[in-house]
Amino acid sequence: MTELDFNWMAGGPQGSGVDAAANIFGRACAYGGLYVYGRREYHSNIKGLHSYFHLRVSTHEVLANVNDVDLLAAFDAETIVRHLGEVVPGGGIIVDKDQLNTNISAIPTLPLELKSTLRRYLESRGLSDRLGDLLEDAKKREINIFQVPYMDLLKQIATKLGIDKLSKIMRTINVLTLGISFGLIDYEIELVEKAIKAFFREKPKIIEMNILAMSLAYEYAKENFSEDFKFKIKSLPVREERILLSGNQAVAIGKVLGGCRFQTYYPITPAADESEYIESHEILKSKIPGENAGVVVLQTEDEISAINMASGAALTGVRASTSTSGPGFSLMVEGLSWAGNNEVPVVITYYQRGAPSTGLPTRHGQDDLRFAIHAGHGEFPRIVLASGDIRECFYDAIAAFNYAERFQLPVIHLIDKALANSFQTFPMFEIKDIKIQRGNILNEEDLRGIEYKRFAFTEGGISPRVFLGTKGGIHWYTGDEHNEFGHISEEADNRTKMMEKRMSKLETIDREISINEKINFFGNEDADNIVVSWGSPKGAIIEALNKLTSEGFNLSFLQVRMVHPIPIQHIKEILQKAERIIDVEMNYSGQLGGIIREKTGISMDFQILKYNGRPMTSTEVYNAIKLVLQGRAPKRQVLNYGS
Amino acid sequence: MTELDFNWMAGGPQGSGVDAAANIFGRACAYGGLYVYGRREYHSNIKGLHSYFHLRVSTHEVLANVNDVDLLAAFDAETIVRHLGEVVPGGGIIVDKDQLNTNISAIPTLPLELKSTLRRYLESRGLSDRLGDLLEDAKKREINIFQVPYMDLLKQIATKLGIDKLSKIMRTINVLTLGISFGLIDYEIELVEKAIKAFFREKPKIIEMNILAMSLAYEYAKENFSEDFKFKIKSLPVREERILLSGNQAVAIGKVLGGCRFQTYYPITPAADESEYIESHEILKSKIPGENAGVVVLQTEDEISAINMASGAALTGVRASTSTSGPGFSLMVEGLSWAGNNEVPVVITYYQRGAPSTGLPTRHGQDDLRFAIHAGHGEFPRIVLASGDIRECFYDAIAAFNYAERFQLPVIHLIDKALANSFQTFPMFEIKDIKIQRGNILNEEDLRGIEYKRFAFTEGGISPRVFLGTKGGIHWYTGDEHNEFGHISEEADNRTKMMEKRMSKLETIDREISINEKINFFGNEDADNIVVSWGSPKGAIIEALNKLTSEGFNLSFLQVRMVHPIPIQHIKEILQKAERIIDVEMNYSGQLGGIIREKTGISMDFQILKYNGRPMTSTEVYNAIKLVLQGRAPKRQVLNYGS
Amino acid sequence: MALSWTDFKTDVFIDWCPGCGNYGILTALQMTLAELGLEPHRVVLVSGIGCSGKLPHFVKAYGVHTLHGRVLPFAQGIKIANPSLEVIAIGGDGDGLGIGAGHFVNAGRRNVDITYLIHNNGVYGLTKGQASPTLKLNLKVKSIPKPNLNEGMNPIILAIAAGYTFVARAYAYDTKHLKEILKQAIRHKGLALVDILQPCPTYNDINTKEWYAGLDRIDPKTGKPMSRLYKLEEIDYDPTVHNPDEELDKKIAAIEKAKEWGDKIPIGIFYKNELVPAFHERIAKRMPFYLSSPPAKQIIHDSNNSPAIYIDEFLEELKMT
Amino acid sequence: MALSWTDFKTDVFIDWCPGCGNYGILTALQMTLAELGLEPHRVVLVSGIGCSGKLPHFVKAYGVHTLHGRVLPFAQGIKIANPSLEVIAIGGDGDGLGIGAGHFVNAGRRNVDITYLIHNNGVYGLTKGQASPTLKLNLKVKSIPKPNLNEGMNPIILAIAAGYTFVARAYAYDTKHLKEILKQAIRHKGLALVDILQPCPTYNDINTKEWYAGLDRIDPKTGKPMSRLYKLEEIDYDPTVHNPDEELDKKIAAIEKAKEWGDKIPIGIFYKNELVPAFHERIAKRMPFYLSSPPAKQIIHDSNNSPAIYIDEFLEELKMT
Ligand SMILES: Cc1ncc(C[n+]2csc(CCOP(=O)(O)OP(=O)(O)O)c2C)c(N)n1
Ligand SMILES: Cc1ncc(C[n+]2csc(CCOP(=O)(O)OP(=O)(O)O)c2C)c(N)n1
Ligand code: SF4
Ligand code: SF4
Ligand SMILES: [Mg+2]
Ligand SMILES: [Mg+2]
């Protein structure tokens with residue numbers, strides 16, 4: 001069987017159902033035993049500005065997008081103008097017939113910057129301002145233009161459903177293009193229907209309308225274009241249990257499974273979805289007879305309150321966490337420092353997005369590694385975990401709580417927007433291997449007859465913990481430097497000892513957490529060329545690695561998952577053997593590279609960076625690494641795919 | 001003439017006038033042409049807990065404290081218990097006769113941690129719990145105990161002044177010990193009187209009372225002890241104009257001279273003194289005929305408001321700044337990121353103190369270097385300046401504004417508590433060399449006929465600036481990524497260009513600011529051993545350097561003043577020649593050392609660190625470096641002098 | 001030449017949802033600026049983050065789109081540094097009363113002469129419809145999964161408690177009335193709040209345009225909907241404090257009015273007091289030249305770029321001679 | 001065995017200035033805890049930063065000395081996670097009404113069942129006497145160089161505007177009265193504010209003990225000072241909302257009382273309303289087992305340390321079969 005690798009894109013204004021279309025598309029494919037990976041792009045806007053979904057379908061597991069679009073389902077003219085360049089020769093564009101006369105320069109939502117670029121492009125190719133003209137030109141690149149009379153089809157649907165106002169079914173343009181798409185690629189329509197039913201669940205009316213629209217379009221495509229399009233997709237028998245989910249969902253499920261019962265948040269993109277998803281499942285099902293389980297999810301007045309409420313809650317013994325992104329995390333910094341000083345096991349899920357400041361609220365970036373590590377005045381231990389894919393989001397969410405409690409410190413779980421809002425299929429989680437590790441906790445019995453000191457000096461820096469309210473364990477917390485009881489102390493010697501107690505945990509962590517939990521290594525141990533990265537570029541790098549290896553290049557990949565405290569010794573051992581080290585990161589300065597150099601003295605030989613707000617694709621990572629391996633790359637390459 | 005080096009310490013509860021005594025002592029000596037350096041230590045407390053002032057007097061310029069105390073003026077028993085160990089053989093202690101029977105373990109303000117240490121000490125020396133016993137024991141170390149009947153003297157003063165309530169003059173215990181001190185060292189009493197007058201300025205009653213108390217005690221000492229004490233001090237003719245001031249004052253004066261006219265603050269130790277000092281001089285004297293000058297100092301509701309008000313103000317064209325310390329800076333981080341994104345010339349004076357969290361609010365530390373450099377989500381350019389002494393505090397305060405406006409970015413001026421609250425004598429500032437550099441600003445005339453773009457792409461990243469309210473220059477600011485006009489833009493290409501525009505300023509700074517403003521280098525260029533440091537350890541290091549050099553050691557000292565963007569090339573050139581690099585810092589992890597390794601690949605061979613909340617002394621720095629030079633030091637030495 | 005509201009338009013695409021109440025506010029504000037004859041370059045619109053926060057980009061005047069909840073610190077900083085600017089602060093209800101509540105309350109203590117518009121839509125629009133601080137207890141707008149756990153706050157009462165000297169409410173779709181309120185708010189000497197009821201058709205399906213218009217309440221007599229809104233100007237209500245003794249009574253009257261909700265919602269000016277000194281007057285008392293030489297207008301260097309001031313007074317105390 | 005207030009003492013040195021009003025508050029609180037028979041380990045004192053913030057270290061009960069201005073978020077987090085704890089929040093006026101004002105206001109919307117003591121001394125004590133948000137306009141306490149530029153805010157009125165369901169004022173040196181108020185505040189179901197007038201002899205030379213006692217106002221008849229303080233219990237004043245209709249009137253009455261200052265300063269309970277559901281009741285409506293199995297008491301793993309819950313409901317929607 002040949003390997004299928006099909007790239008579909010749907011685009012339209014926010015609020016027109018791009019997301020729904022992509023979800024249904026993804027589900028339909030996944031139900032058919034195919035693997036999907038999908039990335040969502042949208043403006044910081046509620047309705048009207050351009051959004052799109054870039055979806056990849058394959059018979060093997062897919063980990064990232066590529067630069068290509070094989071089929072573009074355009075809800076509107078802007079989608080074509082923006083994405084035409086990505087459609088491959090032999091690929092296709094689904095376009096509304098009635099929009100061919102659209103004047104490009106009159107599209108109101110196109111920003112000035114883009115308009116002037118477009119004007120130059122049209123001039124250079126001697127084209128008019130008409131959309132139809134642009135598409136004619138595209139045909140020269142062997143792109144198929146599938147002109148569909150959206151309005152006619154909608155009218156037919158309306159008639160069939162007995163609806164008189166067209167506006168009521170305008171929202172089905174998305175499934176209409178979906179139907180055309182599936183018709184073109186000749187996929188089993190039953191699976192698409194199943195996906196529509198699953199997506200709209202308890203809304204039979206909407207299901208009916210959408211299935212009707214989809215199938216009408218499906219048939220239209222079969223009748224009118226089926227010969228023209230070379231891409232065809234067939235379902236496969238599924239052998240294993242698979243799930244399709246986003247990073248937001250993976251974190252949410254990991255948290256509750258990991259014992260989180262108290263979550264605070266202040267709304268922010270792209271973190272809020274996680275909290276809302278937990279809230280909508282707030283009542284949990286306990287395995288233990290007679291026990292109840294539920295998560296209290298609190299929307300606070302700001303992020304300052306979110307972190308401090310969570311810390312307060314953590315002192316009572318509950319596993320507590322908060323989720324945010326850059327602007328919110330900035331406000332949490334003072335609270336983080338308090339939690340660090342007081343050895344509070346609190347988890348902060350930090351969704352990175354384009355920054356600085358409000359930045360690109362709905363776009364991708366990995367700019368906050370150094371900030372996560374150094375945030376907060378003073379020096380105190382913390383753990384920073386960075387998940388590389390959606391699967392890791394789940395496992396790391398659980399690990400975060402285990403580490404927080406075992407080592408009694410704040411844990412920051414770094415996620416990039418590209419993971420939060422993308423979805424991917426993969427085999428079901430291995431839930432039975434998951435363990436909850438709560439660390440050293442004393443209860444009423446344990447305390448009998450002892451004088452309890454919350455911050456007792458110990459080997460390794462970890463003092464047994466007592467929850468607020470426990471009989472016999474009264475103690476104090478303070479943001480001031482304190483003695484073993486938790487009372488304020490300004491004594492010089494005590495200060496030195498307390499600093500050393502706290503900071504020595506970093507060594508304890510180094511010792512006690514296995515290296516397998518801290519790094520992933522892919523490829524040949526003895527490869528001359530090593531790619532180093534963290535977070536979401538993982539998928540694109542692995543795909544590039546596989547391809548380059550199959551082409552005979554000698555390459556491996558070190559993914560750092562525990563970015564702080566970073567496992568210096570292991571990284572050093574791995575890297576010092578390499579001839580060329582290639583740092584791949586989604587930020588301007590190559591932050592992880594800097595950290596590695598700081599800690600090991602080893603420099604990154606090459607940087608492949610990207611900071612245009614869009615995630616890396618396998619294509620561009622592959623190209624960039626190849627240039628390095630061929631000795632043709634500058635020391636610093638900046639990638640720029642994505643619109 | 002022999003070199004004088006005399007170390008005086010006064011100690012007593014907060015609120016008993018330790019500070020005043022030290023100020024008067026320092027002034028009296030400075031009036032006599034001597035150099036002084038004084039460090040203030042106090043608890044985060046208003047009244048009752050122990051505070052002291054460690055003051056050094058010399059015929060040559062003094063830059064730091066040493067470990068010794070030659071004369072300890074104890075207002076209370078606690079002072080003796082805490083500082084006895086620091087008094088040198090041949091030195092003296094001024095003690096209240098009536099307190100000799102004090103039970104040490106009954107001193108209520110001694111913290112538990114200290115009491116148990118003390119108990120062990122007393123036991124080990126076979127001493128009782130009585131203060132007198134402890135002092136007797138001290139005599140074995142050839143320490144002179146000057147027993148003074150404080151109450152008798154106070155009564156005499158009361159009688160002379162016709163005061164019936166002793167409580168009214170209890171506050172003169174401080175000058176009483178001052179009088180004893182000066183009597184013992186046989187210093188000119190007129191200078192002491194002059195200092196009292198200057199200190200209490202417009203309060204003739206208080207002046208009278210204090211002069212009386214001081215002179216009575218002075219005479220008492222002369223009569224009773226003059227033979228016993230070997231240290232004597234004489235005034236010198238002063239040749240140059242000298243000033244005595246603290247870091248807080250130096251910054252304040254630098255700011256207003258540098259053109260700051262808008263300062264916001266939220267009270268916090270040790271920053272608030274600066275703002276209050278400015279406020280009390282809010283009306284300034286303009287040189288320019290017909291012009292008025294004055295600073296608006298605003299106490300805000302919190303630090304979030306402080307930074308954002310200052311940024312807002314800066315957009316109107318005023319030189320605006322705010323001052324804070326760790327907890328406050330943590331709250332400013334989100335605003336900092338906005339200012340970075342919007343290229344706002346705002347100055348943040350960051351007084352470091354013991355951290356994390358509330359930490360040691362009145363104690364010293366240098367823990368926040370990394371935090372200052374990486375604070376704020378996203379990557380944006382900033383300048384971080386770290387002053388090494390009080391003199392630099394003044395010049396850097398001015399430079400901060402010049403840099404902020406020239407490069408249009410936030411500037412963080414890092415000061416340590418040890419500079420803020422210490423005072424030192426040195427020659428008058430060279431005011432005539434100071435220049436104000438406002439950078440590229442367009443006014444109404446300049447704007448005529450042009451389409452203004454606030455964030456125009458330029459070579460070097462700096463776009464001409466227009467103040468809010470200027471005719472013809474309307475533009476926008478936003479924390480979102482923006483186009484050249486300042487309107488929100490999420491376009492991928494614009495994003496890459498804007499990131500590069502902003503970040504390229506770091507290279508512009510590298511090019512345009514001379515290396516002399518960024519580093520100081522002391523000692524022989526070709527020395528095999530180089531000490532690297534930043535901030536307040538400077539003084540102690542220079543003194544150690546001088547001494548070690550005079551002993552024949554081969555040593556130099558690189559002080560980094562612009563810690564970000566750090567002048568990589570120069571530092572590399574300097575350090576790569578060295579055989580041994582010794583990193584001296586007041587934090588746990590040697591942060592500057594880490595930065596240097598990150599940027600240059602060069603590792604620090606030795607670390608001399610301290611994090612007990614007390615500044616480094618020349619003595620301990622000297623000792624620790626010497627161990628290194630003699631090949632007897634471990635890689636990491638942790639200093640611990642100071643109580 | 002007289003200004004028209006279109007002089008205050010930019011060519012930036014307005015990306016609010018169709019039917020959003022913000023359109024009415026934008027137009028009313030542009031008309032206000034034109035009718036007050038304010039030159040665009042003398043106006044600074046300062047906004048927070050939210051759908052509402054985008055407004056300055058749509059107005060041709062200086063625009064400062066700040067941080068979530070921080071519109072008041074920025075606006076006050078700008079105004080105090082340069083009191084000759086006309087500073088208008090703009091933000092959402094979440095922005096001003098949730099994350100920004102500390103500034104909201106403390107601004108009342110300063111009474112800086114700026115105007116503050118709260119776009120009150122009961123939701124966090126830009127983050128997809130979570131409950132805002134004005135949404136009442138137990139209500140469930142369509143975008144939240146469960147009824148609201150928190151009591152809703154009343155911006156009018158909070159402003160009065162905090163010391164605002166001009167407190168009004170208007171309605172986004174009554175552009176004309178809104179414009180008149182805005183004019184008075186801008187003219188007011190001191191801190192003016194205009195709480196603008198702003199339907200968010202996308203997320204708030206309770207306080208809709210139709211609801212305000214009373215489409216569910218048809219007057220049996222006329223057969224027409226009975227609007228829930230009524231104007232304070234049209235009843236016997238005098239919001240102004242004419243002498244200091246009246247202050248408490250006027251505040252209480254305003255609070256009583258502000259408590260009305262449901263079938264009778266007053267709009268108009270609830271409270272107005274110009275007897276409280278504005279912040280610039282307080283500073284000018286300390287620094288008599290403040291209004292003529294405010295911080296932003298002082299010359300800080302001479303023609304040689306040397307500092308423009310003497311620091312002798314500082315040095316006096318520090319000289320050791 | 002009955003508890004005595006000395007059971008709540010620690011051996012930490014109390015480092016407040018001699019004569020500080022905080023001593024009275026500390027004692028009253030210790031007596032309250034003893035008289036209410038609260039076991040020390042069930043009590044959590046949560047404090048902000050300031051002189052006042054040190055209080056928990058002097059009380060033998062769980063103590064959480066938090067951040068400046070953040071006492072309410074911590075206290076609410078603790079209480080919501082474990083509603084069986086008796087949570088008392090403590091802080092200065094700067095802490096609660098300056099930097100913490102946003103939390104102050106928004107806490108009113110939740111009505112969590114905790115008690116909040118504000119040590120109201122008109123200054124920022126621990127930072128050496130700057131004006132606090134309650135210091136009135138133009139006053140100059142001895143620690144500030146120039147008269148206050150800001151209007152002072154009234155905590156009672158602000159709390160009522162924000163939705164607190166128990167609002168009282170007490171005086172630090174009237175320990176007995178303070179204790180009785182504290183008892184009622186702790187017993188109150190919902191969020192209770194006690195604004196405590198606390199002389200700071202070191203920095204506030206206006207609102208001194210002598211001033212409150214009226215030492216400057218000698219009754220010509222009795223020759224005795226006429227205290228400025230009077231008790232609401234001693235006049236015909238009923239703070240309690242007995243049925244929902246009374247709410248507005250009671251609030252207005254409280255505001256009118258709260259406006260009294262100068263020669264007649266009321267202390268006592270200004271407002272009390274138990275008809276508003278407390279936050280735990282709101283959560284319990286959604287999650288019926290909340291009070292018996294609150295977050296802090298749930299078992300999160302089984303005896304094999306495996307997670308204690310099933311996640312089938314989540315996975316259901318995500319399975320691709
Ligand atoms: C510190 C911070 N937290 C959260 C956000 C995310 N955020 C953006 S808009 C918004 C809420 C907007 O609601 P509102 O202020 O009511 O304005 P509206 O959109 O309704 O006009 C939030 C929470 C942010 N930008 N910054
Ligand atoms: C974020 C932050 N800003 C500033 C401070 C400094 N600070 C310590 S106590 C205090 C004010 C205390 O005043 P108040 O809250 O009234 O308490 P009081 O000392 O009067 O009891 C301040 C501003 C701090 N600790 N944290
Ligand atoms: S979400 Fe609501 S407030 Fe925001 S633009 Fe849409 S309708 Fe307006
Ligand atoms: S400064 Fe004031 S509030 Fe603080 S302890 Fe002293 S008297 Fe009390
Ligand atoms: Mg809103
Ligand atoms: Mg106070």
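Predicted model, so just to flag it, every value in this text is computed and none were measured. A, B, ... follow the sequence lines: proteins, then strands. Residue 1 opens every chain.
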Seminar exercise, completed: Bottom line for C20(D): the part with an atom under 4.5 Å from chain B's heavy atoms is neither
Dump the table of donor-acceptor contacts under 3.5 Å between chain D and chain B, or return none if there are none.
unit_1	atom_1	unit_2	atom_2	d
D15(D)	O	N45(B)	ND2	2.7
D15(D)	OD2	N45(B)	ND2	3.2
K54(D)	NZ	S44(B)	O	2.8
H68(D)	NE2	Y266(B)	OH	2.6
I99(D)	N	E301(B)	O	3.1
Y124(D)	OH	Y266(B)	OH	3.0
Q130(D)	NE2	E276(B)	OE2	2.5
A131(D)	O	Q299(B)	NE2	3.0
K146(D)	NZ	E282(B)	OE2	3.0

Exercise. Around atom CE of M151(B), are there more than 12 heavy atoms of other residues, nucleotides or ligands at under 6.0 Å?
Worked result: yes
Problem set entry | Region of I268(B) that comes under 4.5 Å of a non-hydrogen atom in chain D | backbone
Exercise. Measuring heavy-atom distances to chain B, does P18(D) have an atom under 4.5 Å in its side chain, in its backbone, in both, or in neither?
Worked result: side chain
Seminar exercise, completed: Okay, I49(D) and chain B: the region with an atom under 4.5 Å from a heavy atom over there is side chain
Seminar exercise, completed: Sequence neighbours excluded, the answer for ring-ring contact (aromatic ring centres under 6.0 Å, His included) partners of F262(B) is none
Exercise. So, for I46(B) and G125(D), which heavy atoms are closest and what is the spacing to 0.1 Å?
Worked result: CD1-O, 3.4 Å
Problem set entry | Which portion of I14(D) sits near chain B, non-hydrogen atoms under 4.5 angstrom | neither
For this session: Could you have a look at P108(B), P111(B), G48(B), P361(B) and say which one has the most heavy-atom pairs with chain D under 4.5 angstrom?
Result: P108(B)
